[in-house]
Amino acid sequence: MAVLRIPEEDRTLRDAPSIGRYLAERGIDYERLTPETDVSADASPDASPDALLAAYARKIDELKAKGGYVTADVIDVRPETPGLEAMLAKFNCEHWHDEDEVRLIVDGRGLFHVHPADGPVFAIEVESGDLIRVPKGTRHWFDLCVDRRIRAIRLFQDPSGWTPRYTQTGIDRQFQPVCFGAAFIPPKGPTKWPVS
Ligand SMILES: [Fe+2]
C-alpha cells in the first residue's frame with residue numbers, strides 16, 4: 001500500500017482512495033492492482049521479465065490503449081546492482097520527461113517526490129501492487145528506500161523520450177528521501193519536514 005506525505009502540511013495519507021483522489025487532482029493516475037482481476041495466477045515477483053509481462057498483459061494492454069505506450073520492459077534493482085548509486089543519482093534530483101513515467105511495481109518499493117506547478121511538494125511511496133503514471137512535464141525526483149530494492153514494469157511511448165531534463169533548482173535537497181511504509185526506519189536525530 002502506498003503512503004503519501006505532504007511535508008509542508010505535516011500530513012500523511014495511507015489509504016488508497018484518499019491517495020488516489022489527492023493524486024488525481026494533480027493529474028497523476030494511481031491505482032492498486034487486484035490479483036483477482038489485474039494479474040494472471042502465475043505472476044510472481046521472481047518470475048522472468050517475459051513471464052511478468054505476460055502475467056500483467058491485460059493491464060499493460062489497457063495502459064497502452066489509454067496512453068499510447070508502445071513498449072514495456074521490466075527494471076530490476078537490488079542493493080548489489082552494479083553502478084546502483086550512479087544510476088540513482090540520475091533520478092534523485094528534480095527533473096521532468098518528454099513522456100509519461102509509468103511504473104507498475106511488482107516487488108520492493110520506491111519514493112517519488114512530485115513538485116506541482118501550484119502546490120506543495122509531496123512524496124508518494126509506492127510498493128508492490130501500485131501503479132502510478134506521472135504525466136510528461138511533471139517535475140519530480142525518485143529515490144529508493146533503505147532496502148534498495150525495486151522491480152517494476154515500465155511503459156514507454158518512446159524510450160528516448162524518457163531522458164531526464166533537469167531543473168537544477170536544488171529543491172530536492174530540501175527533502176529527506178525517507179520512506180514511511182513497510183521499510184520505514186526512523187532517521188537519526190531530530191527530523192524536520194522539509195529539511196531547511
Ligand atoms: Fe523521472
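Counting convention: from 1, in listed order, for ligands and their atoms alike.
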Any luck finding a side-chain donor-acceptor pair between H95 and H140 under 3.5 Å? yes
R14: salt bridge (charged side-chain N to carboxylate O under 4.0 Å, His left out) partners, not counting sequence neighbours: none
Is any NZ, NE, NH1 or NH2 atom of the basic residue among D100 and R133 found under 4.0 Å from an Asp or Glu carboxylate oxygen of the other? yes
Without placing hydrogens or testing angles, list every side-chain donor-acceptor pair under 3.5 Å for residues 18-27, not counting sequence neighbours.
from	atom 1	to	atom 2	distance (Å)
S18	OG	D15	OD1	2.9
S18	OG	D15	OD2	2.8
R26	NH1	Y22	O	2.8

For residues 80-91, which residue pairs qualify under side chain to side chain donor-acceptor pair (under 3.5 Å), counting only residues two or more places apart or in two chains? E85-R148
So what's near the Fe ion (ligand 1), protein N, O or S atoms under 2.8 Å? H95 NE2, H97 NE2, E101 OE1, H140 NE2
Are F142 and F112 near enough that their ring centres are under 6.0 Å apart? yes
